[in-house]
Amino acid sequence: MTGRPLVGAGLKMFLGYAETIGYLRELAASAAEFDGVSVFVLPSFPVLAAARELLAGSPVRYGAQDAHWEESGAYTGCVSPAVLRELGCTFVEVGHAERRHLFGESDDMVARKALAAVRCGLEPIVCVGEEHETDGAAATIVGDQVAAVLAPLPSAADVVIAYEPVWAIGAETAADPERVAGVVAEVRRRTAGRDGDLRILYGGSVRPGEIAGLLAAGVDGVFVGRAATAVSGLREVVESVRAVA
Ligand code: PEP
C-alpha cells in the first residue's frame, strides 16, 4: 500500500431517501474517527444533491454508482457524469458486477463510462473480477479486464480499481488473501508506468476480521457493501483498517 488507505461504502439500493439522509448525517459526525483513512460513500443518485450539503466541510467524499458515457443527449433515464461533477462528486463507480449482469454492461461500455468520467473531472472506480471461485486464472481474467477498461484513458488519469470477485459479492466470506495478492500483483504489473495514481481496493463480503489479511495482500483499501449499510458497520471497518495501517 502507498499513501493513506481508502475505504468506500457502496450503498447500492439498500436504503430509502430519508434513511440515507440520516446515514450521511451520522457519517459526517463520525468523520473525526477516520483520521489517517480516506473514506468515501456512494449513495443512490437522488441523494447526491443532499450529500453535497451534508458532507460539506467533512473529509468524507462521495460519488455515484454509475454514469453514462456521454455528457448530454437523448438518453432517457441515464445520468450524465457532467451533472455528477456539478453535484460535487469526486468518484463514479463503473462496471459493478450487478450492472454487468443485470444490464449487460461490457468492458467496452465500462471503458467508455470511465473515459467520460475522467473527461468530467471524476475519478472512476472501475469494478473488475472473475465470475467463479473455480476460475483458476483469476489474475489473467482481471488483468485483461483492467487493460481493456484503462486502454482509452489518459495515462495521467487517477483511477481506483475495485477488485471484486463476482462470486464473493453478497457471500459469506471474502476471497482468500493469497488469491487477492496474485490479482493485485498482476494488476500492478499491467498498469506499471501509468502517470496517474492507481489505487486498488478489494470488495466482496469484507468484514472487519478479514481486513488485516486483505491489506497484507497488497490492496490500498477495501470497498464495502452490506457491512457498511449502517454507519456503525462502516466505522468498524475503518477502525480495523486504522489498526493495521
Ligand atoms: C459490492 O457488491 O460491491 C460489495 C462489496 O458487496 P458486499 O460487501 O455486500 O459483498
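By convention here, the first residue in the shown sequence is residue 1. Just follow the structure's listing: the first ligand is 1, and inside any ligand the first atom is 1. What you see below is based on every heavy atom in this structure, not just the backbone, and it leaves out hydrogens, waters and symmetry mates.
We find that Arg235 and Glu26 are joined by a salt bridge, their nearest charged nitrogen and carboxylate oxygen being less than 4.0 Å apart. Ion pair Asp220/Arg188 flagged as a salt bridge, since at least one NZ, NE, NH1 or NH2 atom sits closer than 4.0 Å to an Asp/Glu carboxylate oxygen. Ionic pairing of Glu105 and Arg99 is present here: one or more N-O contacts between side-chain nitrogen and carboxylate oxygen are shorter than 4.0 angstrom. Ion pairing of Glu210 with Arg207 is absent here, as no side-chain N (NZ or NE/NH1/NH2) approaches a carboxylate O to less than 4.0 Å. Salt bridge status for Arg100 with Asp107: present, with a side-chain N to carboxylate O gap under 4.0 Å.
Lys113 has its side chain within reach of Asp66: a pair of non-hydrogen atoms, C-beta onward, lies under 4.5 Å apart. Residues His101 and Glu131 meet the side-chain proximity criterion, which asks for heavy atoms closer than 4.5 Å.
Checked by distance only, ligand 1 and Glu93 stay at 3.5 Å or farther apart across all their nitrogen or oxygen atoms. Taking only nitrogen or oxygen atoms, main chain and side chain alike, Gly203 does not reach within less than 3.5 Å of ligand 1.
Heavy atoms of Ala227 stay at 4.0 angstrom or farther from ligand 1.
Of all protein heavy atoms, the one lying nearest to atom 2 (O) of ligand 1 is Lys12 NZ, 2.5 Å. Considering only non-hydrogen protein atoms, atom 1 (C) of ligand 1 sits nearest to His96 NE2, 3.3 Å. Here the protein heavy atom with the shortest distance to atom 3 (O) of ligand 1 is Glu164 OE2, 2.7 Å. Looking from atom 8 (O) of ligand 1 to the surrounding protein, the closest heavy atom is Gly225 N, 3.0 Å.
Less than 4.0 angstrom separates some heavy atom of Gly204 from each of these atoms of ligand 1: 5 (C), 10 (O). Interface of Phe223 with ligand 1, defined as ligand atoms under 4.0 Å from a residue heavy atom, comprises 5 (C). Below 4.0 Å from some heavy atom of Arg226 lie the following atoms of ligand 1, by number and element: 7 (P), 8 (O), 9 (O), 10 (O).
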